[in-house]
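These notes concern the structure reproduced below.
Reminder, nothing fancy here: chain letters follow the sequence lines and each chain counts from 1. Predicted model, so just to flag it, every value in this text is computed and none were measured.
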2 protein chains.
Amino acid sequence: MSTQLLPEKTVERLSQYRRVLSREIEQGHEHIFSHELAKLLHITPVQVRRDIMLIGHSGSLRKGYNILDLIDMIGEIIDCSNQQKVAIIGIGKLGQALLNYLADNKTNLVVSAVFDNNQEIIGTSFSGVLCHGIEHLKKIVEREHITIGILTVPPQHAVEISKQMVEAGILGIINYTPVSLQLRGAYLEQYDVITSLEKVAYFAKPKNYSMLLEMECEK
Amino acid sequence: MSTQLLPEKTVERLSQYRRVLSREIEQGHEHIFSHELAKLLHITPVQVRRDIMLIGHSGSLRKGYNILDLIDMIGEIIDCSNQQKVAIIGIGKLGQALLNYLADNKTNLVVSAVFDNNQEIIGTSFSGVLCHGIEHLKKIVEREHITIGILTVPPQHAVEISKQMVEAGILGIINYTPVSLQLRGAYLEQYDVITSLEKVAYFAKPKNYSMLLEMECEK
DNA sequence: ATTTTCTTGTTATTAAAATAACAGTTAATA
DNA sequence: TATTAACTGTTATTTTAATAACAAGAAAAT
């Protein structure tokens with residue numbers, strides 16, 4: 001277990017390594033080379049080796065990396081031995097979609113509660129997870145030891161509810177609303193749907209895309 | 001209109017500038033200072049000025065930037081004068097959620113078609129957009145001059161359908177499936193739901209979060 | 001008129017991430 | 001036993017992004 005923080009991008013890739021590695025295990029593979037893992041994710045072997053170096057893992061020289069060991073190691077780094085619990089706040093279309101994603105993909109993160117303010121759905125279950133009224137946020141987060149929150153409420157409630165989440169003891173929030181938040185007391189990750197689409201729009205414009213291609217050729 | 005490619009991060013911020021600037025216009029403001037715009041997005045004034053410099057826009061020294069001019073300029077850069085058209089491929093929960101986002105937020109990107117392979121929903125409309133069978137992708141993309149695609153199909157179809165999208169003439173794809181793609185012929189942006197959640201899990205872990213805070217203090 | 005204040009625009013520096021280069025090691029091969 | 005081939009692990013370099021520093025100019029204040 002390293003005592004230093006890992007670079008953001010490395011953490012992201014570790015998550016992806018783990019996913020493809022589980023598939024390799026299912027296919028009966030025990031070891032994998034850096035160039036094989038790299039190919040699965042369309043990145044370079046050096047990047048794979050560097051990431052694995054940073055987490056302090058070692059491969060063997062002619063067999064590559066032991067897949068199970070690597071999966072375990074990544075698990076300890078990302079989600080600890082004790083599984084972290086997640087809450088989804090705002091269980092509209094996006095919240096439900098994300099819940100399905102988490103159910104389908106095996107991750108050690110488990111959604112323990114969802115919250116909403118729509119009286120009609122409070123008390124019902126989504127993929128087996130009970131929906132609570134938003135007013136019970138603090139109580140249930142504390143009781144269930146939930147540490148991660150997914151924020152998918154309508155934008156006008158984002159600021160207020162994000163504050164409540166931190167007060168309730170949530171340590172990490174991923175904010176899917178198009179509202180820029182600033183929190184102290186919890187790690188915050190923003191994802192802006194419109195922005196990433198507009199970014200694609202910019203780089204996909206023929207003039208810009210051809211400039212990109214030219215730059216790649218120069219290398 | 002600059003002839004050089006803008007940095008990715010700048011493009012992302014331009015998208016966000018535009019959104020908050022439209023709100024400023026609605027509130028009757030005509031000009032804005034870099035530090036005001038920065039505050040709205042919780043970034044630094046220098047970054048705002050630098051981005052605006054890169055797109056070749058100028059503010060006035062004591063009044064700041066003319067908001068309408070800036071919005072227009074960003075529009076020309078991101079979506080051209082001629083509105084770009086978007087298709088959503090795979091209109092499950094996530095696809096529908098994204099469609100709502102695009103409808104709610106004003107952006108110059110307009111969803112012109114959605115596609116699915118579920119016979120029951122083909123022919124029905126989502127937020128006023130007709131759902132077509134996936135087999136008509138090429139025909140409709142060509143007819144409607146759609147250039148951007150949002151990929152939200154089940155993972156097992158991601159590779160095959162992404163190829164069809166490029167063949168159909170789509171120039172930019174945002175891939176929400178947890179499958180790593182590599183395309184030639186279109187700009188590709190990946191977004192991995194699980195990965196970003198696992199990243200939050202890592203940095204939210206008390207030991208890691210406190211290291212982050214320490215690093216900020218040192219500055 | 002002159003000074004001060006506050007802002008933009010731009011260059012210089014630092015930090016983060018990706019890439020390249022290569023040393024070192026093991027197993028297979030001659 | 002020596003040699004080659006094919007890896008890993010690590011350091012060095014380059015690229016990209018963010019931050020800091022500051023010159024220059026317009027309005028306001030004196």
With a 6.0 Å cut-off (strictly less than), is the heavy-atom count around [atom1] of [X], excluding the residue itself, greater than 12?
X	atom1	result
B:K39	NZ	no
A:K163	NZ	no
A:K9	NZ	no
A:E30	CD	no

Nearest-Å distance, [atom1] ([X]) to [atom2] ([N])?
X	N	atom1	atom2	result
B:Q47	C:dA15	CD	P	16 Å
B:D51	D:dT19	CG	P	11 Å
B:H42	D:dT19	NE2	P	15 Å
B:I55	C:dG9	CD1	P	10 Å
B:L5	D:dA17	CG	P	11 Å
A:H31	C:dA27	NE2	P	12 Å
A:R49	C:dA18	CZ	P	16 Å
B:Q4	D:dT16	CD	C1'	14 Å

[atom1] of [X] to [atom2] of [Y]: how many Å apart, nearest 0.5 Å?
X	Y	atom1	atom2	result
A:I55	A:I77	CD1	CD1	4.0 Å
B:I134	B:I161	CD1	CD1	4.0 Å
A:S58	A:N66	OG	CG	12.0 Å
A:E189	A:N175	CD	CG	9.5 Å

I need a per-nucleotide contact map over nucleotides 25-30 of chain D, read 5' to 3'. Cutoff is protein heavy atoms under 4.0 Å; write B for the base, S for backbone only, - otherwise. BBS---
Is there, by distance only and without an angle test, a donor paired with an acceptor across the side chain of B:R50 and the base of D:dT19 below 3.5 Å?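 Side chain to base: pair present.
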Any idea which of C:dT7, D:dC7, D:dT8 is nearest the A:H35 side chain?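 Looking only at side-chain atoms, A:H35 lies closest to D:dC7.
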State whether a side-chain donor-acceptor pair under 3.5 Å links A:S180 with B:Q16.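 No, because no side-chain N or O of A:S180 sits under 3.5 Å from a partner of the opposite role on B:Q16.
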Quick one about A:Q164 and A:E160 (side-chain donor to acceptor, distance below 3.5 Å, no hydrogens or angles considered), yes or no?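 Yes, a side-chain donor-acceptor pair sits under 3.5 Å.
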Any side-chain N or O of B:S58 below 4.0 angstrom from OP1/OP2 of C:dG9?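 For C:dG9, OP1 or OP2 has a side-chain N or O of B:S58 closer than 4.0 Å.
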Closest heavy-atom contact between B:T195 and A:S15?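 Answer, listing the atom of B:T195 first, then A:S15: OG1-OG, 2.9 Å.
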Specify the residues of residues 8-17 of chain A, ordered by number, for which at least one heavy atom lies under 4.0 angstrom from an atom of DNA chain C.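 Those residues whose heavy atoms fall under 4.0 Å from DNA chain C, taken from residues 8-17 of chain A in numerical order, are A:E8, A:K9, A:R13.
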How sharply is the helix from C:dA1-D:dT30 to C:dA30-D:dT1 bent, taking the axes over five pairs at either end and rounding to 10 degrees?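 Nearest ten degrees gives 20° for this helix.
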